[in-house]
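What follows is a single structure, written as structure tokens, with notes after it.
Computed from a predicted model, the values in this text were never measured in an experiment.
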Amino acid sequence: MVNEKDWQQEQERLDLVTKKLRSEIAELEPAVAGLRDQVADIRKRFWEEVTINTSTHEDFEETFYSIKQQEALLSERERSHRQRMQRWKNMKRLLPSPYFGRVDFQEDGLSFSEQIYIGVSSFVGEDDISFLVYDWRTPIASMYYDSLPGKSAYETPGGRVSGTMLLKRQYQIRNGQLQNVFDTSVTIGDELLQQVLGKGADAQMKSIVATIQKEQNAIIRNVKSRMLIVQGAAGSGKTSAALQRVAYLLYKYRNTLKADQIVLFSPNPMFNSYVSTVLPELGEENMQQTTFQEYLEHWLGSTLSVENPFGQIEYVLTSTGAQGYDARLSGIRYKTSEAFLSAIQNYAQWLGKEGMLFRGIRFRERELITAEQMESQFYSYDNSIRLANRVSLLREWLLRELTTLARKEQEAHWVQDEIDYLDNEQYAEAYSTLRKKYQPEEAVLHFNEQYRELLEEMQGEEDDDSDFRMQDEEEELLRRMIVKESFKPLIRDVKRLKFIDVNGLYDQLFGEEVDYREMTNGIEVPGHWPEICVQTKEKLSRHELFYEDATPFLYLKELVEGVRTNMEVRHLFIDEGQDYSPFQFLFLKRLFPRASMTVLGDFGQAIFPQATNLHEAKSPLIQLYGEGETSLFRLVRSYRSTSEIVKFTKALLPGEEIVPFERSGRKPYLSKAGNGVMRAARIGEDLAALQAEGFDSIAVITKTAAESREALEALRIQGCGALRLITEETLTFEKGVMVIPSYLAKGVEFDAVLIYDASSRAYSRESERKLFYTACTRAMHRLQLYTTGNWTPYIESMDPSLYEVEQ
């Protein structure tokens, strides 16, 4: 804490800044409202102010410039309104707590120092030059996060500025009043961080700009690497750092980068809700948020039903011992491996020489163009042409063939039958078309009389159909219209490449081992290959895909049909990156070729079979862009949980480098009950006690979704009210008591976590260790575990001093 004199000076400065903020807000409010009204009024009266006259060239030109003038006026007012509105919002955001840090810096060669106060936004004095508050993203503010008092420097677009940091100070301010002031010799003082971390969990993740650590700041401000890999322990702040990185990029490149050019791939839909407030807190718009499953369903969902990753992991966790289980696991590992990626690439090359499968084009129970004709035409092209380009050439050939066939089809008997049943509207369309061909006067003379008679005859006003005969040209037009309309679906399907049998191409891969090796240039098959083939083919025959098949299927589809790319997106963020396969990373790079990529994850939480190691030298992530364009960051300090919980969870992963932040609390608490009813009763009592202590966010974490439903019912029988069941379809994260499967809890945190079943029956396999670790690391302040039998071997082998046991 600072002395009384410094405190008084700081409060006086805070009062001054607060006063200026209030004054500016009051000054801006009527201007913002007035401009908003002006914009609305101009939009409303836009065309009233414009005289439309196109009689002569001069009139047309005058009208054009009149519209441009009104458009420019509207654009200027809208721009002015946006700027003032943004400034007003920034001031309102600063008002409760204008700043959180300060550094006093004396630049080399100068005899005076500058006091740099740092907040979530900049605030400039009345002279529009002197900064009362610097935005935390400005170059000079980086010293607050990176440097100690003493020799210091910061980077600017114009070069490096060196000097001496004379003071570093931290503040806690609420509603314009100083709560705490700390002078510190470290990046962020333990006192402030302790108080921030000691609070309860929120329904939404909060900004961490006041407590960014040096290693997090390096992630946030890195703009040199195309690939950033952040391997961070549970609770190390990797996701928070990534979101502040988004805000930093939007600030640094504010003239060229927009929020919708940044995409975040989240682990599940609920996570999107959890992080949705961070950027608005910092005055930025939210980036695009999606999941990889949504991407798969966007491209495949119209023709195939794709299993989601949670369905896959439910099978892995619950179907042990079931028929075909070992084959499915072998298939998952293989289909998500780099070996299968190579197999697909080699298979595409093989298809360039033979084996392409097409669907014949049928029309009115006839095959107009056979699959054999397509195959012959396809392989007539030079085999040096890429597969997708040859498909494009085949598509053009098919469209020409259909045009020729359509002309021939006009003479078919069915066309005359269609003409006989045309209605007035269709005749009118033919008449309109002919009128465009002739001069208006000629068209009336040529057609009007016969058309009038035809209408009268069809309406029953004429007696004899034989009195009317269409001229050849009119009938030809009607025939052409009828055939064109009938061929439209064929044309549309050809343009959409529906003539390619992609399902058959993928199915073709899963046959005899000798055939597979031939098609993939000698790639070895995994164990249980025959069973894998049967499972894959059966699923595909029902127009369904296992989750592990979806990405390879889509990859093959794009190798054949051509790659779809998004050139607008510039930055890609992938959370829980360890749960993505090499296929998925390659896909994302191909989909967003201009984008840089930031991948966040923890290999200690790699709960899916297709996990990718983030930080090994041979990691596919490093190979994706090359070592020269890749930066790897390791965050080993865990801030989420108390040191007692971190020490307990660290023991679950022997050998992992995890450093607890020294925030003390109660040790994890183990409770054994005689049966399920007694366990539910005890959990019910503990839930009530935790709520009485003031914990607002509590999770009862089960292993699977099926167990979540069982736990919910058992706890409700015990009288536990207001329980919320979290499923893969849950879209919002809220406070309260929730029952949630372990794999859906990834990425979020709770005041207290109760592990519903920590027995050897639930968790015994080594492959489930990381799942158990993930569940336990969701706890911020309390971790309580329950069993009705023997404890999981992960706990049995642990030092008993790391936990308390119910007596």
Exercise. Among Phe585, Phe573, Phe592, find the one that has a side-chain contact (heavy atoms from CB on, under 4.5 Å) with Met597.
Key: Phe585
Self-check item: Working for side-chain contact (heavy atoms from CB on, under 4.5 Å), residues Asn503 and Asp507
Solution: CA-CA 6 Å; Asn503 288 22; Asp507 181 274; over 6 Å; no
Quiz item: Does Asp549 reach the main-chain N or O of Pro552 with its side chain, forming a donor-acceptor pair under 3.5 Å?
Solution: no
Quiz item: So with a 6.0 Å cut-off around CD of Glu544, is the heavy-atom count from everything else above 12?
Solution: yes
Practice problem: Give a yes-or-no answer on whether the side chains of Tyr555 and Gln345 include a donor-acceptor pair shorter than 3.5 Å. | Solution: yes
Self-check item: Side-chain donor or acceptor of Arg221 paired with backbone N/O of Tyr248 under 3.5 Å
Solution: no
Self-check item: Any donor-acceptor pair under 3.5 Å from Ser342 side chain to Glu338 backbone
Solution: yes
Quiz item: With a 4.5 Å heavy-atom cut-off, do Glu768 and Lys703 have their side chains touching?
Solution: yes
Self-check item: Residues, nucleotides or ligands: over 12 heavy atoms within 6.0 Å of Glu568 CD
Solution: no
Quiz item: Is the backbone N or O of Val263 less than 3.5 Å from a side-chain atom of Gln288, with the two atoms forming a donor-acceptor pair by type?
Solution: no
Exercise. Dump the intermediate steps for ring pair (Phe, Tyr, Trp, His ring centres under 6.0 Å) on Tyr547 and Phe310, then the final yes or no.
Key: CA-CA 9 Å; Tyr547 181 67; Phe310 311 118; 8.5 Å; no
Exercise. Spell out, as yes or no, whether a donor-acceptor pair under 3.5 Å connects the side chain of Tyr743 to the backbone of Ile607.
Key: no
Self-check item: Glu729 atom CD, over 12 foreign heavy atoms within 6.0 Å
Solution: no
Exercise. Might you work through the salt bridge (charged side-chain N to carboxylate O under 4.0 Å, His left out) test for Arg517 and Glu513, ending with a clear yes or no?
Key: CA-CA 6 Å; Arg517 287 181 175 175; Glu513 182 176 337; 2.8 Å; yes
Quiz item: Is atom CD of Gln323 surrounded by more than 12 heavy atoms (other residues, nucleotides or ligands) closer than 6.0 Å?
Solution: no
Quiz item: Of the options Leu632, Leu600, Val599, Asp602, which is the one that meets Val230 in a side-chain contact (heavy atoms from CB on, under 4.5 Å)?
Solution: Leu600
Self-check item: Steps toward side-chain contact (heavy atoms from CB on, under 4.5 Å) verdict (Thr536, Ile532)
Solution: CA-CA 6 Å; Thr536 307; Ile532 292 171; 4.0 Å; yes
Quiz item: In this structure, which one of Arg328, Lys335, Arg333 forms a side chain to side chain donor-acceptor pair (under 3.5 Å) with Glu548?
Solution: Arg328
Exercise. Ignoring hydrogens and angles, state whether a donor on the side chain of Asn389 or Tyr381 is under 3.5 Å from an acceptor on the partner side chain.
Key: no
Self-check item: Ala348 backbone acceptor or donor facing Asn346 side chain under 3.5 Å
Solution: no
Exercise. Output, in order, the C-alpha distance, side-chain angles, deciding distance and verdict of ring pair (Phe, Tyr, Trp, His ring centres under 6.0 Å) for Tyr315 and Tyr325.
Key: CA-CA 9 Å; Tyr315 175 86; Tyr325 179 81; 5.7 Å; yes
Exercise. Would you check if there is a donor-acceptor pair between the side chains of Ser596 and Arg570 at a distance under 3.5 Å?
Key: no
Quiz item: Hey, what's the ring geometry for Trp529 with Phe510, parallel, tilted or perpendicular (30° and 60° as the breaks)?
Solution: parallel
Quiz item: Is a side-chain N or O of Asp382 found less than 3.5 angstrom from the main chain of Ile385, in a donor-acceptor match?
Solution: no
Quiz item: Is the NZ atom of Lys537 crowded by more than 12 outside heavy atoms at less than 6.0 Å?
Solution: yes
Exercise. Output yes when a side-chain donor or acceptor of Thr520 lies under 3.5 Å from a complementary backbone atom of Tyr516, and no otherwise.
Key: yes
Quiz item: Does any N or O in the side chain of Ser392 come within less than 3.5 Å of the main-chain N or O of Ala388, such that one atom is a donor and the other an acceptor?
Solution: no
Quiz item: Using a distance-only test with no angle check, is there a side-chain donor-acceptor pair under 3.5 angstrom linking Glu728 and Asn308?
Solution: yes
Quiz item: Does the pair Glu314 and Thr318 meet the rule for a side-chain hydrogen bond (donor to acceptor under 3.5 Å, both in side chains), with working shown?
Solution: CA-CA 6 Å; Glu314 275 288 320; Thr318 63; 4.6 Å; no
Exercise. For the residue pair Arg765 and Thr320, confirm or rule out a side-chain donor-acceptor distance under 3.5 Å.
Key: yes
Quiz item: Counting heavy atoms not belonging to Glu629, are there more than 12 under 6.0 Å from its CD?
Solution: yes
Quiz item: Between Gln535 and Glu531, do the side chains contain an N or O donor and an N or O acceptor separated by less than 3.5 Å?
Solution: no
Exercise. Spell out, as yes or no, whether a donor-acceptor pair under 3.5 Å connects the side chain of Arg366 to the backbone of Arg362.
Key: no
Self-check item: Counterpart residues, side chain to side chain contact (heavy atoms under 4.5 Å, CB included), relative to Ser380 (two or more places apart)
Solution: Gln377
Quiz prompt | Positive for side-chain contact (heavy atoms from CB on, under 4.5 Å) with His571, one of Leu250, Leu257, Leu264 | solution = Leu257
Quiz prompt | Member of Phe583, Phe340, Phe546 meeting the ring pair (Phe, Tyr, Trp, His ring centres under 6.0 Å) criterion with Tyr334 | solution = Phe340
Quiz item: Are Ser273 and Thr732 linked by a side-chain donor-acceptor pair shorter than 3.5 Å?
Solution: no
Quiz item: Do Asp575 and Ser266 pass the side-chain hydrogen bond (donor to acceptor under 3.5 Å, both in side chains) test, and can you show the C-alpha distance, the side-chain angles, and the key distance before you say yes or no?
Solution: CA-CA 6 Å; Asp575 206 356; Ser266 303; over 6 Å; no
